[in-house]
Amino acid sequence: MKNRNLLFVCSRNQWRSPTAETVWAKEVGVNARSAGTSPNARRTITEADIGWADIIFVMENKHRAIIKAKFGQAAEYAVIHVLGIPDDYQYMDDDLVDLLEQLVEPYLR
């Protein structure tokens, strides 16, 4: 079975999405990548990221809206799930890790 490519997106790619990338990169059968929607992000999302991803997980509704607006056709058929995780956590915060595992796991079954 082919590995699944998971893209995690938040605003600045500092805390939430890099935490998700770290957590899921250890999972067998998963390739994980993270990016941010802001031009000031540590790593800004690209059209290539959208093409690469089997599933895109965004932290908030605004991230999905930005992706759809910025990438139009490239994002038209992208599978995007909103996790609903506010920007209240630091990198690898235990509560954030637990939340990510709870929310992402069902999509991988």
Side-chain angles (χ1 to χ4, degrees):
M1 189 173 129
K2 144 183 168 1
N3 280 5
R4 288 220 250 169
N5 295 335
L6 308 183
L7 176 64
F8 296 95
V9 180
C10 65
S11 298
R12 291 184 314 275
N13 189 227
Q14 279 186 305
W15 309 123
R16 294 173 289 175
S17 59
T19 297
E21 179 181 11
T22 299
V23 167
W24 292 101
K26 294 181 264 189
E27 189 74 19
V28 174
V30 169
N31 296 316
R33 190 184 280 183
S34 68
T37 55
S38 167
N40 303 324
R42 205 170 45 96
R43 184 177 174 284
T44 304
I45 189 170
T46 65
E47 190 169 317
D49 289 324
I50 292 166
W52 172 85
D54 294 317
I55 306 174
I56 300 170
F57 292 99
V58 297
M59 300 301 152
E60 300 173 59
N61 280 316
K62 69 179 179 183
H63 302 128
R64 177 174 54 193
I66 291 167
I67 290 169
K68 294 271 189 192
K70 185 175 179 184
F71 297 104
Q73 217 168 5
E76 191 175 351
Y77 300 107
V79 178
I80 303 175
H81 296 292
V82 180
L83 298 175
I85 299 175
D87 196 3
D88 296 340
Y89 302 94
Q90 296 291 305
Y91 178 70
M92 293 306 288
D93 179 301
D94 289 340
D95 291 337
L96 176 57
V97 170
D98 289 346
L99 204 49
L100 285 163
E101 287 174 343
Q102 272 177 2
L103 295 171
V104 173
E105 184 67 41
Y107 293 105
L108 302 183
R109 287 197 196 112

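Within the structure, no pair that satisfies the ring-ring contact (aromatic ring centres under 6.0 Å, His included) test touches residues 27-47, not counting sequence neighbours. Screening residues 54-66 for salt bridge (charged side-chain N to carboxylate O under 4.0 Å, His left out) gives Lys2-Asp54, Arg16-Glu60 as the qualifying pairs, with residues at least two apart or on separate chains.
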Under 3.5 Å, side-chain donor or acceptor atoms of residues 99-109 against the rest of the protein: list the pairs with distances, not counting sequence neighbours.
none

Output a table of donor-acceptor pairs, distance under 3.5 Å, between side-chain atoms of residues 30-41 and any protein atom two or more places apart or on a different chain; print 'none' if there are none.
from: Asn31; atom 1: OD1; to: Asn3; atom 2: ND2; distance (Å): 3.3
from: Asn31; atom 1: ND2; to: Asn5; atom 2: OD1; distance (Å): 2.8
from: Arg33; atom 1: NH1; to: Asp49; atom 2: OD1; distance (Å): 2.9
from: Ser34; atom 1: OG; to: Asn13; atom 2: ND2; distance (Å): 2.9
from: Ser34; atom 1: OG; to: Glu21; atom 2: OE1; distance (Å): 2.7
from: Ser38; atom 1: OG; to: Asn40; atom 2: N; distance (Å): 2.9

Compile the donor-acceptor pairs under 3.5 Å between side chains in residues 67-96 and protein atoms, sequence neighbours left out, one pair per line.
from: Lys68; atom 1: NZ; to: Ala75; atom 2: O; distance (Å): 3.4
from: Tyr91; atom 1: OH; to: Thr22; atom 2: OG1; distance (Å): 2.7
from: Asp93; atom 1: OD1; to: Asp95; atom 2: N; distance (Å): 2.8
from: Asp93; atom 1: OD1; to: Leu96; atom 2: N; distance (Å): 3.4

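One hydrophobic cluster holds both Leu7 and Val58 under the rule that ILVMFWY side chains link at heavy-atom gaps under 4.5 Å. Connection of Met59 to Ile45 is not established within any shared hydrophobic cluster, with ILVMFWY side chains joined at heavy-atom distances below 4.5 Å, either directly or through further cluster members. Note on Phe57: it clusters hydrophobically with Trp15, by side-chain heavy-atom contacts below 4.5 Å among ILVMFWY residues.
Between His63 and Ser11, the shortest heavy-atom contact is NE2-OG, 2.8 Å.
Here the straight-line distance linking atom CZ of Phe8 with atom OG1 of Thr19 works out to 10.5 Å at 0.5 Å rounding.
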